[in-house]
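Reviewing the structure listed below.
The basis for the numbers below is simple: all heavy atoms, side chains too, and nothing from hydrogens, waters or symmetry mates.
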Amino acid sequence: MKEVTGSYSPRKLEAGVQDNWKRENTYARVQALRQDGKAFFFVDGPPYTTGHIHLGTAWNKIIKDAVLRYHRMRGANIIERAGYDMHGLPIEVKVEHQLGFTSKKDIEDYGIAAFIEQCRTFAVTHMEIMSDQFRQLGIWLDFDNPYQTIKEEYIESAWWAIQRADERGLLERGHRVVNWCPRCETAIADSEVEYWDETDPSIFVKFPITGRENEYLVIWTTTPWTLPANVAVAVNSAFTYARVRAKKDGNEEILWIADELVESVLKMGRYQDYTVLERVGGNSLIGTEYASPLAGHVPRQTEIRHRVVAADYVTLENTGLVHIAPGHGWDDYLVGIREGLEVFCPVDSGGCFTPEAGAFADMYVRDANDLVIDTLGGYLLARRTITHRYGHCWRCKTPIIYRATAQWFLKATEIREPMLAEIAKVKWYPEWAGSARFHDFVRDSRDWCISRQRYWGIPIPIWQCEECGEHTVIGTVAELEERSGTEVADPHRPYVDEIVIPCPCGGEMRRVADIFDVWFDSAVASWATLGFPREREAFDRYWPADFITEGQDQTRGWFYSQLGASTVAFGRAPYKSVLMHGFALDAEGRKMSKSFGNVVTPEEVVNQFGVDVLRFYVLWANAPWDDLKFNWDSVKTIHRTLNILWNVYRFPLPYMVLDSFEPAPEAGGLWDGSFVRGNINDMPKEDRWIVSRVNSLARTTAGDMREYQLHKVTRALASFILEDLSRWYVQLVRPRMWLEEDSPEKRYAYETVYYVMRRLTALLAPFAPHIAEEIYGNLRLDGDPESVHMLDWPEADDLLIAPDLENAMEIVRSFDDAVATARQAGRRKLRWPVSETVVVTGSDEVNTALEDLNDLALNRANSRTVRVVTGTWDRILWQAEPVMRAIGPEFGRDGPKVKALIEQADGTALKAAIEREGKAELDGYEITARHVTFAESLPEGVFAAPMKDATVYVDVTLTPALEAEGYAREVIRRIQEMRRQLDLNVDDFIVAAVDVADERVASLIAKEEWQKEIAGEVRAAALTVRRTDGERPAEEPFALEKDWDVEGVQMQIGISRAGE
RNA sequence: GGGCCCGUAGCAUAGCUGGUGGUGCACCCGGCUGAUAACCGGGAGGUCGUGCGUUCGAAUCGCAUCGGGCCCA
């Protein structure tokens, strides 16, 4: 053990600890230490390798690290690797920006091979940056050997899964309406669509009914460009529709509109008058045929037989009739499938109309809106604009379109029931994350479109025969090499695109052009991280994961993608327990975003306060599953807490070093707390108490950890450090540290402090691993493990937990607070002793506590006596006050007389009489409890304050003896302060002189008893106390001389180091 | 529009199987001073988002509504 002089400087401390971990290879050694323990398989949710980590990413990894460190200390053999998600459109878009590309054509011209190399470089570079950042946060995951979605063996894991899907008939090629980004020219997942407001046309259009003169169905749309693809109109069979004769500018026409919407629609179309001709149910309209108002401009439209169909999703908004284009809408598509409608989609991958769109060919769809509207001519009933939420590509922010395309699907809807059953088997923290949130999401989920028409991703391993159309799904690289006879250097595009497999029919099979949705990459992480299918052994032993934890946004993300892929491949969930954590928000509870300028980065926090403060803060601020509202003040509070921990730790060290204290070791030179266990019954109460507290702490934290109540654990730790250790125990134990001679009391104090710090650092290790390591490193014995992270988690020692003592101490602390309050009211400083302190209570617990811990109470109260009185204390006087509301009616005329009698009576005696007999007599009048109230009247010099279940009375009246001690204490304190100014060592001796300008006070403290006391306390070899007239005795120069005003008495004090 | 979560003093947070609202920070006043760019005590500060309901009684239960978050449409 060494003395520690420096104050808590986290950055320096943490750099030192991390250097040491690196030099000693501590992480690997901790892992090795536990390799025979019970396996605990953890899968790291892979962050995407773009840019830097943000607060949420840091929080995520900090939770993981704290949990895993805890499990390691509990003896678990943690199976883990860090992981990274490295494919996908975001990186393609970044690289496109770097290269100045605007379309897929630019990429093709540049060369796919060169392009994906750029993507690879980008991903790997950023992965390394992020790994360094995570390491700096003290995250112990395997960053030297992370799983990477771009590695050949990882790609194989995905291929293998999709092969299984195909074998089970869950892989399907289909024409589906998908979210389509016209810039990226690819389908994008629902989860990749971002919504924000967009202003669009809002038009009402008349569709002419076939065979009726001048009669129309009125529909509404915000996407005029989808009208060339219209094939039907949907009505709700539950609604009533009106056939209306409407007049405008002398013309008449017949319109069909939902009955309740007639007024508003006609107003919109500026009709002057109308008559309802008939009202029919929606069913009556079904089958009605009509023509496209664009028939003359889109040739295909003249061939389509348009008709009215029913759809119950039609709402009573706008016109109550909905335009259906199965090529451009998901609901439309489903209606189309049901009704056998044609799926017409005259839009290409770049969002431009194809020649099939006739007059609109080659136009970009959103640009064509105006032309479509113009072309409608008289069929346009009204035109407005609308601002509504519209979807955009999450990467390039282009408004998406819906487009019917050929895609590959995983038939998630077919395995919905098994997925729901699996969710119920998983242990969710909190419970509702699974039972409500995730359950509902999966219940409402659709088939998963897994194909993308891009470059930087896992190629879909489907080879299709150009001759016969048969397809085959490849599961491994080896299988591909065998079947193609070609060596596979890199399973990425464009290299795999060139591989040809001979088809049994004699034709050639070529790979389909698509790559996987990047969500499918991470979906296979649970077995990919184990190297499956290449490696089987680890998979058989560890899979599925014991635990994963990610943010609530991953409900639809990684929780879902993994469950889907795993249910397809193995028919079960890939994880046994899931902790869903919240989102990191700013102090106002708003999302952190660059445009708002409210982003707080982990680096900022670390630069100011260090890693441990950040870690402890995010684990402490709220429950893991609630959103984190970042708050600098709270960060400072945590910094202060750790600073206090540091001060508590270093305060006893100088004394221990001075005394060459060594904690009692066990055989083998390691420490296990047996001294405290063996001597507990002889140790002072406060030692037994803090030992009990730290064991209670171990017990509650273990319980909370089991439920991942990380906030409760960190709060309990912080509270222990501040309340129990710093504000109470250290205050109590200090005098024992200062004892000169060896004594059991001092030994117990050292052993207790040591015990508490050893247990506390172990409990802190998962949450604040650096400061715990630093403190442990100084305290550990030669036989102890080198790192605090190699220790076993401290189990609560039930024999050392004393609930009664803990309760009693709570009472004494309440007493202590009350004494301070009462003294403040009586203006008597704590330094000045008082004669008597009385606690009035009816509580046995209070009585027992103050009896058992009387020495402590005396000490804390700085009182000659502390005693408990049950019932009433005889020194309390009572003042009787008449209650006129009762006296008036009863005594009538004599009321004023009774009032005067009561006021003049001895209230204390009156109260006693009434309590004893229920009544008292005053000058012949019978007085009962009704007629009088009593106010407490404290004797001169007594002050009261409430405490737990009791009231404390402090008598601050001075006597010469008390005064002498008070002044002596004042002198001691001032000399100590002067010692400090001279920067003397704790064991230096001094010579001192005190010149007091007050005869009485001088004689009080000049008494031998107090002079000795002062000299002893301040280590004075020689001390003079005398009365002066305020004249400085010039013949005695001291190293330091000061004038003091002590409670109005002038004193001159001079001190020097002895022998100088 | 739908699902889930959250909404408590200036800020953050506890209480949420119903019984007169705790804690920390900040603020004001006082104390302490052999942990000192620390520490302790006291005070002020709340219609527990809003409204309605259930109940003898609601921050706590129900319904509605507003605001924030994540997700879905």
Side-chain angles (χ1 to χ4, degrees), chain A residues 4-5 7-8 56 190-191 193 195 313 315 317 330-331 389 391 430 432-446 551-557 559-560 580-592 617 620-623 625-638 640-641 643-655 711-712 715 718-719 722-723 725-728 730-731 734-735 737-738 816-825 827-832 860 945 969 972-977 979-980 984-988 1017-1019:
Chain A
V4 174
T5 49
S7 56
Y8 178 48
D190 289 342
S191 53
V193 178
Y195 292 85
Y313 67 83
T315 57
E317 288 169 297
W330 176 246
D331 287 328
R389 278 161 60 78
W432 51 260
S435 66
R437 200 171 217 274
F438 193 39
H439 178 274
D440 290 356
F441 177 80
V442 172
R443 185 194 58 205
D444 299 338
S445 62
R446 324 195 298 217
Q552 53 180 307
D553 53 328
Q554 297 304 328
T555 301
R556 60 101 175 125
F559 297 159
Y560 178 68
M580 184 191 81
H581 66 76
F583 231 66
L585 309 173
D586 76 358
E588 274 75 53
R590 291 181 193 282
K591 195 171 169 171
M592 287 190 185
Y617 167 71
W620 164 94
N622 46 254
W625 40 85
D626 284 338
D627 290 344
L628 173 73
K629 288 188 214 161
F630 184 85
N631 183 285
W632 280 107
D633 279 346
S634 300
V635 175
K636 284 179 200 148
T637 302
I638 294 305
R640 195 192 59 147
T641 303
N643 183 40
I644 290 170
L645 169 69
W646 185 255
N647 286 337
V648 167
Y649 149 66
R650 71 192 177 117
F651 123 82
L653 291 176
Y655 310 106
H711 61 308
K712 291 196 178 170
R715 286 172 191 188
S719 162
L722 293 176
E723 297 294 331
L725 201 52
S726 168
R727 290 178 192 163
W728 193 245
V730 167
Q731 306 309 322
R734 272 152 98 164
M737 297 281 168
W738 309 330
D816 185 52
D817 287 351
V819 164
T821 309
R823 276 176 166 271
Q824 196 168 336
R827 312 196 128 271
R828 183 70 70 233
K829 294 175 181 179
L830 199 49
R831 198 154 48 225
W832 287 63
R860 296 299 298 178
R969 295 277 161 230
I972 290 166
R973 202 222 105 199
R974 283 167 174 79
I975 294 177
Q976 298 290 23
E977 170 63 23
R979 284 184 64 112
R980 218 167 66 78
L984 300 183
N985 290 326
V986 285
D987 51 345
D988 284 339
E1017 285 290 320
V1018 303
R1019 292 180 79 84

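Between A/Arg446 atom CZ and B/C72 atom P there is a gap of 11 Å when expressed in whole angstrom units. One can place CD of A/Gln554 at 10 Å from P of B/C72, the figure rounded to the nearest angstrom.
Contact check, A/Arg437 against B/C71: no side-chain N or O comes under 4.0 Å of OP1 or OP2.
Nearer to the 5' terminus of RNA chain B, by closest-nucleotide assignment, is the contact made by A/Asp817 (compared with the other of A/Asp817 and A/Asp553). Nucleotides of RNA chain B nearest to A/Ala820 and A/Asp440 differ in position, and the one nearer the 5' end is that of A/Asp440.
Between the CE atom in A/Met580 and the CG atom in A/Asp553 there is a gap of 9.5 Å [rounded to 0.5 Å].
Judged by distance alone with a 3.5 Å cut-off, a donor-acceptor contact links the side chain of A/Ser726 to the base of B/A35. One N or O donor and one acceptor, one from the side chain of A/Arg734 and one from the base of B/A35, sit under 3.5 Å apart.
Taking the P atoms as reference points, B/C11 lies 16 Å from B/C27, given to the whole Å.
Side-chain atoms of A/Asp633 lie closest to B/C25 of the nucleotides B/C25, B/A38, B/G69. Residue A/Arg556 has its side chain nearest to B/C72 when only B/C39, B/C11, B/C72 are considered.
Classification of the A/Phe630-A/Tyr617 ring pair by plane angle, with boundaries at 30° and 60°, yields perpendicular. In this pair, A/Phe441 and A/Phe438 present their aromatic rings parallel. The plane angle is below 30°, not in the 30 to 60° band.
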